[in-house]
Participant: 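Input: one structure, supplied below.
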Amino acid sequence: MSTLPRKEEEVDGVEKAVKTLEDTKAGIQGLVDAGIDKLPPFFFVSPEVIHDHPTMTDLHLHTDFQFPIIDLKDILDPAEHKGIVEKIRSASEEWGFFQVTNHGIPEQVLKEALDGVKRFNEQPREAKMTYYARGNGAVRYYTNYLLQKKGVGWRDTLACVMAPNPAPEKYPSVCRDIFMEYSKHVRKLGEVILGLLSEALGLDPDHLKDIGCSEGYAFHCQYYPACPEPDRTLGLMRHRDPDFFTVLLQNQIEGLQVLHRGYWVDVPPMEGALTINIGDLLQLVSNDKFKSADHRVLAKNVGPRMSLACLFTTDLQPSEKVYGPVEQLLSPDNPALYKGTTIPNYLKTYVTKPGNGLSVLKL
Ligand SMILES: O=C(O)CCC(=O)C(=O)O
Ligand SMILES: [Fe+2]
């Protein structure tokens, strides 16, 4: 049995992995296609990182750990609306994560959106490599964010900026039409969710929309092939999302976990449901009332696991507009916990201080 790498070897390993993967531009699926049956050591993640918190397994024994599922069916019924807002408030405060059902996006569209992610990843290397890039751009295909130099996650990512300026001619043709279609639906749902989040903070329903929290959004499509040694790596390292909120579509293979009360808790895949999670920027403007929760994805020996995360944020153009705690939420008893920031500045610290983009703004 090979020994696990020490910390500095991990960093070396990351660089080696990046070089190999960038040389081939075939992603992790490319390694799988080449027939590897062992995990290359540069994917090893140390056990201290994998087991940084215990996993909560006996969920049904603990009512505190019942993952929030919120039915949006009666949202327009004045008698039910308040109760739904209250559930969203509680889930956003306690978990920073919840699932929604009866959200209005047809199941067929959800299925086809994931089929699009699959088609992109499962086409020959030559078709994918033209999209291989880091940094900014309307479309990027890459093997890792590498935000955290703690090993390379077992996944490939396709990121497409969808709003406010869609660029259909740049999206891969195998998923272009369904991405445009899903985009229409998810924009509508995003605005509904943002209205509910606004109300849940005690603000006017349009407040968060009016300050630009859903103006721009990007799709982050994650593709996690079956992993030959899933216990030695992660699909996606622990992180918080650098946006206001995320609408996440996942397929039926589990792996996503959220950190709740010191435990990793599974976010169960649920046919037809979508997962909503609060990002750092909503934690910032809500002055810590809502929580941007750490989450991660385990590697699995089955696959592919797939997800399509829609990250809602400002218009994605570098802007001088400053975001800080919303004034209406502040009082002598609830003073501002953060100073304001421009989004580009926040993103700079998010990248250099992973998982910690907000800490430098603390007052
Ligand atoms: O794959 C998933 O379920 C989670 C993806 C995620 O957390 C992200 O893209 O930020
Ligand atoms: Fe995430």
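We're numbering straight along the sequence, starting at 1. All values below were derived from every heavy atom in this structure, side-chain atoms included, with hydrogens, water molecules and symmetry-related copies excluded. Both ligands and their constituent atoms are indexed starting at 1 by order of listing.
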Participant: Give, for atom NZ of Lys128 and atom CZ of Arg125, the distance between the pair rounded to the nearest 0.5 Å.
Facilitator: 10.0 Å

Participant: Out of His220, His239, Met306, indicate the one that has the non-hydrogen atom closest to atom 10 (O) of ligand 1.
Facilitator: His239

Participant: Mark up the atoms of ligand 1 that fall under 4.0 Å of a heavy atom belonging to Ala309, in ascending order.
Facilitator: 9 (O)

Participant: Give a yes or no on this: more than 12 heavy atoms of other residues, nucleotides or ligands lie within 6.0 Å of atom CD of Glu169.
Facilitator: yes

Participant: With a heavy-atom distance limit of 4.0 Å, tell me whether Thr275 approaches ligand 1 through its side chain, its backbone, both, or neither.
Facilitator: neither

Participant: So for atom NZ, which belongs to Lys300, do other residues, nucleotides or ligands contribute more than 12 heavy atoms lying within a distance under 6.0 Å?
Facilitator: yes

Participant: May I ask whether Gln250 has any heavy atom positioned less than 4.0 angstrom from an atom of ligand 1?
Facilitator: no

Participant: Heavy-atom contacts with His295 under 4.0 Å: which atoms of ligand 1 show up? List them by number with element.
Facilitator: 7 (O)

Participant: How about Phe179 and Tyr171: are their ring centroids closer than 6.0 Å?
Facilitator: no

Participant: With rounding to the nearest 0.5 Å, note down the distance linking CZ in Arg296 to NE2 in His53.
Facilitator: 9.0 Å

Participant: Anything protein N/O/S under 2.8 Å from the Fe ion (ligand 2)? Just list residue and atom, please.
Facilitator: His239 NE2, Asp241 OD1, His295 NE2

Participant: Phe97 and His295: aromatic ring centres closer than 6.0 Å?
Facilitator: yes

Participant: With backbone taken as N, CA, C and O and side chain as the heavy atoms from C-beta onward, which portion of Leu236 lies under 4.0 Å from ligand 1: side chain, backbone, both, or neither?
Facilitator: side chain

Participant: Charged N to carboxylate O below 4.0 Å: is that the case for Lys184 and Glu181?
Facilitator: yes

Participant: Counting only heavy atoms not in Lys321 (residues, nucleotides, ligands), do more than 12 fall under 6.0 Å from its NZ?
Facilitator: yes

Participant: If you draw a 6.0 Å radius around CD in Glu126, do more than 12 non-hydrogen atoms from other residues or ligands fall strictly inside?
Facilitator: yes

Participant: Between Leu248 and ligand 1, which part of the residue brings a heavy atom under 4.0 Å of the ligand: side chain, backbone, both or neither?
Facilitator: side chain

Participant: Between Trp154 and Tyr224 (judged by ring centroids, cut-off 6.0 Å), do the two rings come close enough to count as a pair?
Facilitator: no

Participant: Between ligand 1 and Arg305, can you find any atom pair, the residue atom being a heavy atom, that is separated by under 4.0 Å?
Facilitator: yes

